[in-house]
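For the numbers below, each heavy atom of this structure counts, side chains included, while hydrogens, waters and symmetry mates do not. Residue numbers count from 1 along this sequence.
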Amino acid sequence: MSLPIHQTHSRRALGEQPLPGGLLPGLLRGRVHELCGTARVALALMLLQLSQGPVIWITPSWLPERPNPCGMADYMHPGRVIFARARRPEDIQWAAEEALRSGAAPMILVEMPSPPALTPVRRLHLAAQTGAEAAHHAGRVAPLGLLLSTGDGGAQGVESRWHMAAGPSPSGLLDEGGIAWRLERRRARSAPVAAWSLLRQGDAGQITARPITTATITSL
C-alpha cells in the first residue's frame, strides 16, 4: 500500500513558477511536473525565460539529441544552464534526486528516455521537498522539477502533465506572423484539464495565450 506524500509547506510558501501567457495557476514549486509532446523543449525554454537563477539540465548521453545553446538564446542566456550527461538510466534518476535535494538550483530539467513509474516519481517529489527546506533556509526559491517525456508522456504521480505541439495561428490567418503552439493541461492536482493556443510574436518574443473552448482533451 502506498502512502500519500505530505507537503510540509503551503502552496503560497512554496511559490509558483509562472506559465507562458500568464496562465494560472502556475507550476507549484517543491514538486515534479511533466512536459510532453513534440514541442516540450520549447515549453521548457518558455518556463526558463520566466525564471531566474541557474538551471540543471540532465540528459541521457546515449541519445543523439543535444540541447542547442544557440536555440536557447532566443529565450534566455544559455550560460545559466549546467548540463549533466547521464551514462545509464539509473544515473538520470540519481542525478535528478541529488539536484532537487540540494535546493541549489530553482529549476531542474530531466530528459527521460521513457516515462518513470510511480516509485521513482515519488522519490523525486520527496527530494524536491527536502530541497525546498534547504532553499528556504538559504533564502532561495524552492526547486522545481520538470520531466521531459516523449510522446504523450505518462509519468505516474506527477503534480501536473502538460502537452505542447506546433499549432496553427489562433486566428488562422497566414499573415498573423509569429510562432504558434497548442498547449494542453492534461493532468493537475489543483486545476481541470484545459487547452490554449500560444502565439510568440515580436522581437521580444512576447507570448499570448488564448483558450480553446471547444477542444476535446484526453486526461492521461
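- Proximity of Val81 to Met76: side-chain heavy atoms (C-beta onward) are separated by under 4.5 Å at one or more points.
- Considering only heavy atoms from C-beta on, Pro89 comes within 4.5 Å of Trp62 through its side chain.
- Here the side chains of Met112 and Cys36 are not in contact, with every heavy-atom distance at 4.5 Å or above.
- Between Trp196 atom CH2 and Leu23 atom CG the span is 5.0 Å, to the nearest 0.5 Å.
- Minimum interatomic distance between Pro143 and Ala135 (heavy atoms only, all atoms of both residues): CD-CB, 4.4 Å.
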Quiz item: Between Arg31 and His125, is a side-chain contact (heavy atoms from CB on, under 4.5 Å) present by the stated rule, with each step listed?
Solution: CA-CA 5 Å; Arg31 303 289 287 172; His125 282 310; 3.6 Å; yes
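- Salt-bridge annotation for Arg161 and Asp152: absent, with no side-chain N of the basic residue lying under 4.0 Å from a carboxylate O of the acidic one.
- Closest approach of Pro78 to Ala73, counting heavy atoms only: CD-CA, 4.3 Å.
- Rounding to the nearest 0.5 Å places CD of Glu111 at 8.0 Å from CZ of Arg85.
- Minimum interatomic distance between Glu34 and Gly154 (heavy atoms only, all atoms of both residues): OE2-N, 3.1 Å.
- Note that CZ of Arg40 and OG1 of Thr150 are 6.0 Å apart. Values are rounded to the nearest 0.5 Å.
- Pairing each heavy atom of Ala96 with each of Val110, the nearest pair is CB-CG2, 3.7 Å.
- You'll find the side chain of Trp181 stays beyond 4.5 Å of the side chain of Ser197, heavy atoms only.
- Residue Gln52 qualifies as open at atom CD: its count of foreign heavy atoms under 6.0 Å is 12 or below.
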Practice problem: Could you check Leu100 against Thr130 for side-chain contact (heavy atoms from CB on, under 4.5 Å), going step by step and ending with a plain yes or no? | Solution: CA-CA 8 Å; Leu100 288 167; Thr130 301; over 6 Å; no
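- Side-chain contact check for Val193 versus Glu184: every heavy-atom pair is 4.5 Å or farther apart.
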Quiz item: How far apart are the C-alpha atoms of Met46 and Met164, what are their side-chain angles, what is the distance that settles it, and do they pass the side-chain contact (heavy atoms from CB on, under 4.5 Å) test?
Solution: CA-CA 12 Å; Met46 292 178 191; Met164 195 165 87; 3.8 Å; yes
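- Residues Ser102 and Ala134 share a closest heavy-atom pair of O-CB, 3.7 Å.
- Here the side chain of Arg87 pairs no donor or acceptor atom with the backbone of Ser61 at under 3.5 angstrom.
- Once rounded to the nearest 0.5 Å, the distance linking CZ of Arg80 with CD1 of Ile56 reads 12.5 Å.
- Leu147 places a side-chain heavy atom less than 4.5 Å from the side chain of Pro116.
- How far NE2 of His33 is from OG of Ser160: 4.5 Å, rounded to the nearest 0.5 Å.
- Note on Leu19: it does not cluster hydrophobically with Val141, by side-chain heavy-atom contacts below 4.5 Å among ILVMFWY residues.
- Without hydrogens or angle criteria, Arg186 side chain to Trp162 main chain gives no donor-acceptor distance under 3.5 Å.
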Self-check item: Arg200 vs Gln206, side chain to side chain donor-acceptor pair (under 3.5 Å): CA-CA, chis, key distance, verdict
Solution: CA-CA 6 Å; Arg200 188 171 189 263; Gln206 183 176 0; over 6 Å; no
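- Annotation: side chain of Leu50 is in contact with side chain of Gln17 (closest heavy-atom distance under 4.5 Å).
- Atom CG of Leu43 and atom CG of Leu148 lie 8.0 Å apart (nearest 0.5 Å).
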Practice problem: Kindly determine whether Val55 and Leu48 satisfy side-chain contact (heavy atoms from CB on, under 4.5 Å), including the steps that lead there. | Solution: CA-CA 8 Å; Val55 178; Leu48 293 183; 3.5 Å; yes
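- Leu146 has its side chain out of reach of Ile108: every pair of non-hydrogen atoms, C-beta onward, lies at least 4.5 Å apart.
- Contacts classified as salt bridge (charged side-chain N to carboxylate O under 4.0 Å, His left out) and involving residues 61-70 (residues at least two apart or in different chains) are not found.
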Self-check item: Criterion side chain to side chain donor-acceptor pair (under 3.5 Å) on Glu133 and Gln129, from CA distance to verdict
Solution: CA-CA 7 Å; Glu133 290 281 355; Gln129 290 182 12; over 6 Å; no
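- Applying the 6.0 Å contact sphere to CH2 of Trp94 captures no more than 12 heavy atoms from other residues, nucleotides or ligands.
- None of Leu27, Leu109, Leu28 except one satisfies the side chain to side chain contact (heavy atoms under 4.5 Å, CB included) rule with Leu144; the exception is Leu27.
- Across Ala195 and Arg182, no two heavy atoms sit closer than the pair CB-NH2, 4.2 Å.
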